[in-house]
S.K.: 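Following this message is one structure expressed as structure tokens.
Both ligands and their constituent atoms are indexed starting at 1 by order of listing. Quick caveat, the model's predicted, so the values are computed rather than measured.
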Amino acid sequence: MVERTLAIIKPDAVNKRVIGDVIRRYEAAGLNPIAIKMMHLSESIAEGFYAVHRARPFFHDLTTFMSSGPSVVLVLEGENAIQANRELMGATDPQKAEAGTIRAAHGASIEANAVHGSDSPETANFEIGYFFPSMDLQAGH
Ligand code: IDP
Ligand code: MG
């Protein structure tokens with residue numbers, strides 16, 4: 001089934017100059033960008049995005065990190081895009097991520113782990129709508 005997922009190239013990866021490498025990996029895996037923008041998330045935008053994690057001990061550090069510099073926010077479309085992107089990203093902790101994954105290649109720590117990817121159809125729907133109005137999605141190119 002063709003799906004859409006929300007991806008973020010996080011501030012650590014932008015800072016490492018690997019935007020191009022990450023997007024190359026998406027395209028090579030059949031995950032086509034249908035919307036893309038660079039933005040410096042404010043702390044409150046980061047808090048709203050990660051609201052499901054607000055009770056976690058790392059929440060404040062996470063929203064501080066996510067608002068520490070610009071990110072690249074994308075909608076990816078492809079066959080089983082949500083799961084496919086999770087596999088391409090690798091485990092949350094880069095030290096546990098399989099070789100060949102984006103986090104194994106570019107993640108520095110469990111927090112600064114290079115990329116975000118939606119984890120279910122429900123979260124993908126929320127996350128895509130959080131950043132992009134539907135008129136900005138260039139579907140099926
Ligand atoms: P995911 O990004 O692999 O879906 P989540 O559990 O949804 O992982 O956590 C969201 C983000 O919060 C992670 O990508 C990472 O940046 C950060 N994070 C997760 N667990 C920890 C932790 O134990 N310490 C610090 N940051 C964490
Ligand atoms: Mg998650």
S.K.: Sort and list the pairs that fulfil side chain to side chain donor-acceptor pair (under 3.5 Å) and have at least one residue in residues 96-107, not counting sequence neighbours.
M.R.: Asp21-His106
S.K.: Give me the nearest non-hydrogen protein atom to atom 15 (C) of ligand 1 as residue plus atom name, then the distance to 0.1 Å.
M.R.: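 I find the closest protein heavy atom is Ile110 O, 3.1 Å.
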S.K.: Yes or no: does Lys10 have any heavy atom under 4.0 Å from an atom of ligand 1?
M.R.: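 It does, in that a heavy atom of Lys10 comes within the 4.0 Å cut-off of ligand 1.
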S.K.: Quick check: do Leu137 and Ile128 have side-chain heavy atoms less than 4.5 Å from each other?
M.R.: yes
S.K.: Mind checking whether Asp119 has a heavy atom under 4.0 Å from ligand 1?
M.R.: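 Distance cut 4.0 Å: Asp119 fails for ligand 1.
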S.K.: At a non-hydrogen distance cut-off of under 4.0 Å, which region of Leu62 contacts ligand 1 (side chain, backbone, both, or neither)?
M.R.: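 The side chain, only.
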S.K.: Report the member of Glu111, His116, Arg103 with the shortest heavy-atom distance to atom 2 (O) of ligand 1.
M.R.: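 Of the listed residues, Arg103 has the closest heavy atom.
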S.K.: With under 30° as parallel and over 60° as perpendicular, where do the rings of Phe49 and Phe131 fit, or are they tilted in between?
M.R.: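 Phe49 vs Phe131 ring planes: tilted.
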S.K.: Please list the nearest protein heavy atom to atom 8 (O) of ligand 1 with its residue and the distance rounded to 0.1 Å.
M.R.: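 Going atom by atom, the protein heavy atom closest to atom 8 (O) of ligand 1 ends up being Thr92 OG1, 3.4 Å.
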S.K.: What protein heavy atom lies closest to atom 19 (C) of ligand 1? Include the residue and the distance to one decimal.
M.R.: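 Checking every protein heavy atom, the shortest distance to atom 19 (C) of ligand 1 gives Phe58 CZ, 3.5 Å.
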S.K.: Please determine whether any non-hydrogen atom of Arg86 lies less than 4.0 Å from an atom of ligand 1.
M.R.: yes
S.K.: What's the shortest distance from atom 7 (O) of ligand 1 to any protein heavy atom, and which residue and atom give it?
M.R.: His53 NE2, 2.9 Å
S.K.: I need the Leu74 CG to Ile23 CD1 distance, nearest 0.5 Å.
M.R.: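 The distance works out to 5.0 Å.
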S.K.: Is it the side chain, the backbone, both or neither of Met89 that has a heavy atom closer than 4.0 Å to ligand 1?
M.R.: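 Near ligand 1, Met89 shows nothing, with every heavy atom at 4.0 Å or more.
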S.K.: In Å and rounded to the nearest 0.5 Å, what is the CG to CZ distance from Leu76 to Arg4?
M.R.: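 Between Leu76 CG and Arg4 CZ, I get 11.5 Å after rounding to 0.5 Å.
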S.K.: For Phe58 and His53, take the angle between the two ring planes, folded into 0 to 90°, and tell me which bin it lands in: parallel under 30, tilted 30 to 60, perpendicular over 60.
M.R.: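 Tilted.
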S.K.: Does Asn113 have a non-hydrogen atom less than 4.0 Å from ligand 1?
M.R.: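 Asn113 counts as a contact of ligand 1 under the 4.0 Å cut-off.
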S.K.: Keeping the roles fixed (side chain from His40, backbone from Ser67), state whether a donor-acceptor pair exists under 3.5 Å.
M.R.: yes
S.K.: Using the salt bridge (Lys or Arg N to Asp or Glu O under 4.0 Å) criterion, which residues pair with Arg56? Sequence neighbours excluded.
M.R.: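 Residues passing salt bridge (Lys or Arg N to Asp or Glu O under 4.0 Å) with Arg56: none at all.
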